[in-house]
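One structure is given here, and the rest of the page talks about it.
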Amino acid sequence: MSESGEIKERPLEPHKEPSTVEIDQRKGHLSKISGGGVGTFIVWLSDRLHFTEDQRLLAATAATWVAVAIAWAGPSLADEVLRFGKYIRAKYFLKQLDELAKSDPTDTVIAAKAREVRQTIADLLADGAKKFNKIRPGGKS
Amino acid sequence: MAVENAILGVSLLAIAYPVADLVWSFISEVRAKRLLVTDQDGEVLAEFSTERVQQTDLKDLEQLHERVRRDKGTALRAA
């Protein structure tokens, strides 16, 4: 707000967010690291629990596949967790917007804007969910 | 014993770092001040905050929604 009481237009920051590819790469790298960590932990545990030779071989083999599974599913699971965070934040923002629209029922423009924003956010969140549905059995992409 | 401990340390670190990163990212998403709509390259197309929506033209919001529907690379980001 300026001194005269009118809302001052704040220009949109020209900053650039990381691209989708960069974000996906980061998630991929971290999933591989955690997969490796879990695999190593399984091998360490099998040694610690004094498994027999056969059991140790089995654990080492399983550890490899567990690591691969985590590296494969990790990015999608991380996406889903972060999308849930976005959903919580968006819900709060839309609640604020609805309250604003309710504060002046005669102003149909703000109500229309709230509807438009709600629909845009819903579409964006649904787009993100499609990626996760691809790996879910029976999920539609 | 030292080798065992080193292996355990490395594996726990390798598990804890990505998990901590995910938890931190989740908290950042939930506590974000603004919601941004970006294209595939990370270019900010719009900023959603109650103040910003009040200032933005309804026509611009409709155009943004149209673009989001058309271009599947758009994403919602927290900032």
Side-chain angles (χ1 to χ4, degrees), chain A residues 7 9-10 12-23 26-27 29-44 47-48 74 77-78 81-90 92-93 96-97 99-100 109-110 112-114 116-117 119-121 123-125 127-128 130, chain B residues 4-5 7-8 10-19 21-23 25-62 64-69 71-79:
Chain A
I7 297 168
E9 180 74 22
R10 185 159 53 90
L12 196 67
E13 286 90 4
H15 74 276
K16 204 170 166 274
E17 294 289 309
S19 73
T20 317
V21 176
E22 283 167 342
I23 291 174
R26 184 172 161 73
K27 281 181 199 150
H29 291 155
L30 290 177
S31 297
K32 281 168 205 154
I33 291 171
S34 67
V38 172
T40 312
F41 184 74
I42 291 171
V43 173
W44 175 87
D47 187 64
R48 188 82 176 170
L77 290 171
V81 170
L82 295 180
R83 203 170 60 83
F84 183 62
K86 276 191 194 101
Y87 167 73
I88 294 171
R89 180 65 189 88
Y92 177 66
F93 166 61
Q96 280 182 320
L97 213 58
E99 275 168 15
L100 193 73
V109 178
I110 189 73
K113 283 179 182 177
E116 206 62 51
V117 171
Q119 205 53 50
T120 308
I121 289 176
D123 283 354
L124 285 164
L125 289 174
D127 268 354
K130 276 179 188 165
Chain B
E4 256 186 46
N5 287 342
I7 290 170
L8 178 66
V10 167
S11 72
L12 289 182
L13 202 67
I15 296 167
Y17 174 57
V19 171
D21 186 84
L22 183 62
V23 171
S25 300
F26 180 80
I27 292 169
S28 304
E29 294 279 0
V30 174
R31 289 173 57 92
K33 287 191 179 78
R34 298 164 297 151
L35 288 168
L36 304 175
V37 181
T38 64
D39 65 7
Q40 207 156 18
D41 299 325
E43 206 72 53
V44 179
L45 301 175
E47 180 190 309
F48 286 159
S49 62
T50 39
E51 182 193 304
R52 174 66 63 182
V53 170
Q54 273 179 291
Q55 291 169 6
T56 312
D57 217 41
L58 180 60
K59 197 121 188 109
D60 290 341
L61 288 174
E62 283 171 353
L64 175 72
H65 186 205
E66 195 54 47
R67 183 164 180 185
V68 165
R69 272 185 178 167
D71 180 10
K72 293 297 168 196
T74 49
L76 194 65
R77 307 270 175 90

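In what follows, chains are A, B, ... by sequence order, proteins preceding strands, each numbered from 1.
No other option in B/Thr38, B/Leu35, B/Ile27, B/Leu13 has as many heavy-atom pairs under 4.5 Å with chain A as B/Leu35. Put simply, of A/Asp47, A/Ile88, A/Leu97, the one with the most heavy-atom pairs under 4.5 Å next to chain B is A/Leu97. Ranked by heavy-atom pairs shorter than 4.5 Å toward chain B, the options A/Ser34, A/Ala114, A/Ala112 are led by A/Ser34. Taking A/Ile23, A/Val81, A/Thr40 one by one and counting their heavy-atom pairs under 4.5 Å with chain B, the maximum is reached by A/Val81. Of the listed residues (B/Leu64, B/Asp21, B/Val37, B/Val19), the one with the most heavy-atom contacts under 4.5 Å to chain A is B/Asp21. Among B/Glu66, B/Arg67, B/Glu62, B/Arg31, the residue making the largest number of heavy-atom pairs under 4.5 Å with chain A is B/Glu62.
With respect to B/Glu29 and A/Arg89, no salt bridge is recorded, no charged nitrogen being found less than 4.0 Å from a carboxylate O. A salt bridge does not link A/Lys113 to B/Asp57: none of the charged side-chain nitrogens sits closer than 4.0 Å to a carboxylate oxygen.
Judged by distance alone, with hydrogens and angles left aside, the side-chain atoms of B/Arg69 form no donor-acceptor pair with the main-chain N or O of A/Thr120 at under 3.5 Å. Within the 3.5 Å criterion, the main-chain N or O of A/Val38 finds no donor-acceptor partner in the side chain of B/Ser11.
In this structure, the portions of B/Thr74 lying under 4.5 Å from any heavy atom of chain A include both its backbone and its side chain. Using a 4.5 Å cut-off between heavy atoms, B/Ala32 contacts chain A through both its backbone and its side chain. In this structure, chain A has no heavy atom under 4.5 Å from any part of B/Val10. Contacts between B/Thr56 and chain A at a heavy-atom distance below 4.5 Å involve the backbone alone (N, CA, C, O). Heavy atoms closer than 4.5 Å to chain B are found in both the backbone and the side chain of A/Ile33. Neither the backbone nor the side chain of B/Lys59 comes within less than 4.5 Å of any heavy atom in chain A. Both the backbone and the side chain of B/Leu61 come within less than 4.5 Å of a heavy atom in chain A. Contacts between B/Leu12 and chain A at a heavy-atom distance below 4.5 Å involve the side chain alone, from C-beta outward. Both the backbone and the side chain of A/Phe84 come within less than 4.5 Å of a heavy atom in chain B.
Of all the heavy atoms in A/Pro18 and B/Arg77, the pair that sits closest is O-NH1, 2.7 Å. Across all non-hydrogen atoms, the minimal contact from A/Thr20 to B/Gly73 is OG1-O, 4.1 Å. Contact record, B/Glu4 with A/Trp44: O-NE1, 3.3 Å, taken as the closest heavy-atom pair.
Atoms CG and CG, on B/Leu22 and A/Leu30 in that order, are 9.0 Å from each other to the nearest 0.5 Å. The OG atom of B/Ser28 sits 11.0 Å away from the NZ atom of A/Lys86 when rounded to the nearest 0.5 Å. Note that CG of A/Leu82 is 12.0 Å distant from CG of B/Leu76, once rounded to the nearest 0.5 Å. Note that CG of A/Leu124 is 11.5 Å distant from CG of B/Leu36, once rounded to the nearest 0.5 Å.
Side-chain contact annotation: A/Glu116 with B/His65, donor-acceptor N/O pair under 3.5 Å present.
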Please walk me through it: do A/Phe41 and B/Ile7 pass side chain to side chain contact (heavy atoms under 4.5 Å, CB included)?
-> CA-CA 8 Å; A/Phe41 184 74; B/Ile7 290 170; over 6 Å; no
